[in-house]
Amino acid sequence: MAHYTQDVSRTFGEYLLIPGYTSEKCFPSNVSLKTPLVKFKKGEEPDITLNIPLTSAIMQSVSDDKLAVALAREGGLSFIFGSQSIEDEAAMVARVKGYKAGYVSSDSNLRPDMTLKDVLRLKEMTGHSTMAVTADGTEHSELLGIVTSRDYRVSRMSVDEPVSSFMTPFDKLITASSDITLSEANDILWEHKLNSLPLIDSNKRLKFFVFRKDYEQHKENFNEILDKQKRYLVGAGINTRDYTERVPALVKAGADALCIDSSEGYTEWQKLTIDWIRKEYGSSVKIGAGNVVDKDGFRFLAEAGADFIKVGIGGGAICITREQKGIGRGQASSVIDVCEARNEYFKETGVYIPLCSDGGIVHDYHITLALAMGADFVMLGRYFARFDEAPGNMIMLGGTYVKEYWGEGTNRARNWQRYDSGGTGLSGNTEHLAFEEGVDSYVPYAGPLKDNVDRSLSKVRSTMCNCGCLTIPELQENAKLTLVSSTSIVEGSSHDVILKDNLRNTNS
């Protein structure tokens, strides 16, 4: 006979936090949102800690290298989408790792006989306006000059103008030895009011650039998340099919953490994937797994060796898994149940495995609820898809700017590996979706990531102060939550008034 769970499957929208005692120390600037990304033993520190509890979903319409850089600046982590070729995903990871390294390798290089047309094409490809002119056009040959956007005017020059005629030649450049420290390089930048400083060896071969903007950005983005080489942290998604080829490429590219991207994680395929990674790399490669919705799923992945576990099936804004297959669970119920299992596992083993709440976030306060229920961080798709840095195209629809947002379970994404259970279909061909588990949609355009993340997290910090908590562990330990009725949900919003904005729209 089937097993029945009597508990109602509940969502975040059915809960509210009850305020706690707010001491004089409880104001938002004192709140720390630091949280572990990967497992650690009691009394030890995790190898990777997030400065904010936000990660971006492993989706084509969300997590590319541009968004990864923007989120890392704020202290969160992106997982580059895996539904692309191994080479393309590894290249995205490498671009994030190379974006801010202090010593930056030059990926935009010219020969002196190339033209302004080549400069414009290269700028469009890389997005970089500082280009090295070298003897053979490769990054480590003899440096002959530099081209920046200040060296040419498109409106007044022919696109056939040779680079040699408008570049800043070597004898007019300020350069430094590649042996100097980053601190010394920054001093030269400031002393000579430079935007970039080429570092060369004794034979004038280009080794690196150091940029003023990297120093300034670090001062402005004090929360940014960096590795020991002062490079941005970045994650990457993998599947349970080609991991023996994909994982080595992503590790070589510099990925700091990997995550198995699957609609359902309580499978032997995930265990086999983790087993292979542990055999090849030991504990040096950090691997997340999921998704699960109950204690059994958590225990399976914990014992398989996952470094963090994602929670949630069917709660995403574009996900129709529950509708199509009838599986899943309300996100709040899933988080509460799995967090209880995580705490029990910690008591038994002394190993703390962070949990990621993936899906079901509609309002900013749902982030706080997920943390209060025990999640260590959340993974967001729709939220990030609205921003300038997300890959989706922005279009005008009905007089409003929107951005494209499509699920990995759509035919557009063609991410059959995410939804394939491991066997072959009736036709013997697995490389297709038998049916869709996501939709192709639009989300309202919201502007730059930084402004929106700052606003959302200011709400989280304020709510934590209302609860008398200054850290996420305190919130997990001391939060008081209550279920709300449908009537009280209505009461919680504006009601029984005529909103001025609505009245203006009616009159117009």
Side-chain angles (χ1 to χ4, degrees), residues 64-66 68-70 73 87-88 90-178 180 182 185-186 188-218 229-232 253-254 389:
D64 65 357
D65 50 306
K66 185 177 179 182
V69 168
R73 282 177 180 165
E87 295 76 17
D88 287 346
M92 282 192 179
V93 169
R95 284 198 291 271
V96 177
K97 299 306 292 186
Y99 187 88
K100 181 180 175 26
Y103 301 100
V104 180
S105 296
S106 177
D107 68 351
S108 301
N109 305 289
L110 303 160
R111 296 189 313 273
D113 61 336
M114 297 176 80
T115 64
L116 177 58
K117 184 177 181 179
D118 296 313
V119 171
L120 299 177
R121 184 186 296 117
L122 188 58
K123 182 177 180 180
E124 183 178 357
M125 286 175 54
T126 66
H128 298 160
S129 58
T130 299
M131 303 178 186
V133 183
T134 62
D136 62 5
T138 61
E139 65 174 299
H140 293 313
S141 65
E142 182 184 354
L143 181 66
L144 303 180
I146 286 179
V147 171
T148 72
S149 56
R150 293 179 297 182
D151 292 318
Y152 57 85
R153 295 182 68 178
V154 177
S155 61
R156 297 190 180 186
M157 294 172 60
S158 167
V159 294
D160 296 323
E161 190 81 17
V163 167
S164 59
S165 69
F166 60 87
M167 72 181 187
T168 302
F170 182 84
D171 58 6
K172 293 185 178 180
L173 293 176
I174 294 175
T175 63
S177 168
S178 56
I180 68 171
L182 187 58
N186 282 322
I188 295 173
L189 285 170
W190 285 94
E191 180 183 351
H192 296 279
K193 300 180 181 179
L194 303 174
N195 288 324
S196 64
L197 177 67
L199 303 183
I200 60 175
D201 66 12
S202 58
N203 295 314
K204 296 202 305 185
R205 288 191 295 261
L206 178 66
K207 293 300 182 182
F208 305 102
F209 276 103
V210 175
F211 291 95
R212 175 192 287 262
K213 66 180 177 63
D214 287 348
Y215 176 85
E216 293 175 341
Q217 287 174 358
H218 177 66
Q229 286 75 46
K230 298 187 182 299
R231 302 175 300 178
Y232 285 133
E389 296 85 354

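Position 1 is the first residue of the sequence; numbering continues from there. What's counted below: heavy atoms across the whole structure, side chains too, no hydrogens, waters or symmetry copies. Not measured: the values here are computed from a predicted model.
- The CZ atom of Arg95 sits 12.5 Å away from atom NZ of Lys66, with the distance rounded to the nearest 0.5 Å.
- To the nearest 0.5 Å, atoms NZ (Lys207) and CG (Leu143) are separated by 12.0 Å.
- For the side-chain contact (heavy atoms from CB on, under 4.5 Å) test with Val163, the passing option among Asp113, Val147, Asp151 is Val147; the others fail.
- Annotation: the span from Glu142 atom CD to Asp136 atom CG amounts to 10.0 Å, rounded to 0.5 Å.
- With rounding to the nearest 0.5 angstrom, the CG atom of Asp160 is 9.5 Å from the CG atom of Asp118.
- Residues Ile174 and Glu191 fail the side-chain proximity criterion, which asks for heavy atoms closer than 4.5 Å.
- Residues Leu182 and Lys230 meet the side-chain proximity criterion, which asks for heavy atoms closer than 4.5 Å.
- Contact between Leu206 and Ala132 at its shortest, heavy atoms only, is CD2-CB, 3.5 Å.
- Across all non-hydrogen atoms, the minimal contact from Ile146 to Phe209 is CD1-CE2, 3.6 Å.
- Put simply, the side chain of Met92 does not reach to within 4.5 Å of the side chain of Asp88, judged on heavy atoms.
- When the options Ser108, Ser106, Ser149 are evaluated for a side-chain contact (heavy atoms from CB on, under 4.5 Å) with Met131, the one that passes is Ser108.
- Here the CZ atom belonging to Arg231 is positioned 16.0 Å from the OH atom belonging to Tyr99, to the nearest 0.5 angstrom.
- Residues Pro112 and Leu144 approach most closely at CG-CD1, 3.8 Å, considering heavy atoms.
- Taking CD1 from Ile188 and CZ from Arg212, the interatomic distance works out to 13.0 Å, rounded to the nearest 0.5 Å.
- The heavy-atom pair separating Met167 from Gly145 by the smallest distance is SD-CA, 4.3 Å.
- Listed here is the closest heavy atom pair of Val96 and Ala68: CG2-CB, 3.7 Å.
- Residues Val210 and Leu199 are in side-chain contact: their nearest non-hydrogen atoms beyond the backbone lie under 4.5 Å apart.
- The backbone N or O of Arg205 sits nowhere less than 3.5 Å from a side-chain atom of Asn203 that would complete a donor-acceptor pair.
- When side chains are defined from C-beta on, Thr130 does not count as touching Asn195, because their heavy atoms never get closer than 4.5 Å.
- Between Val119 and Phe166, the shortest heavy-atom distance links the atoms CG2-CZ, 4.1 Å.
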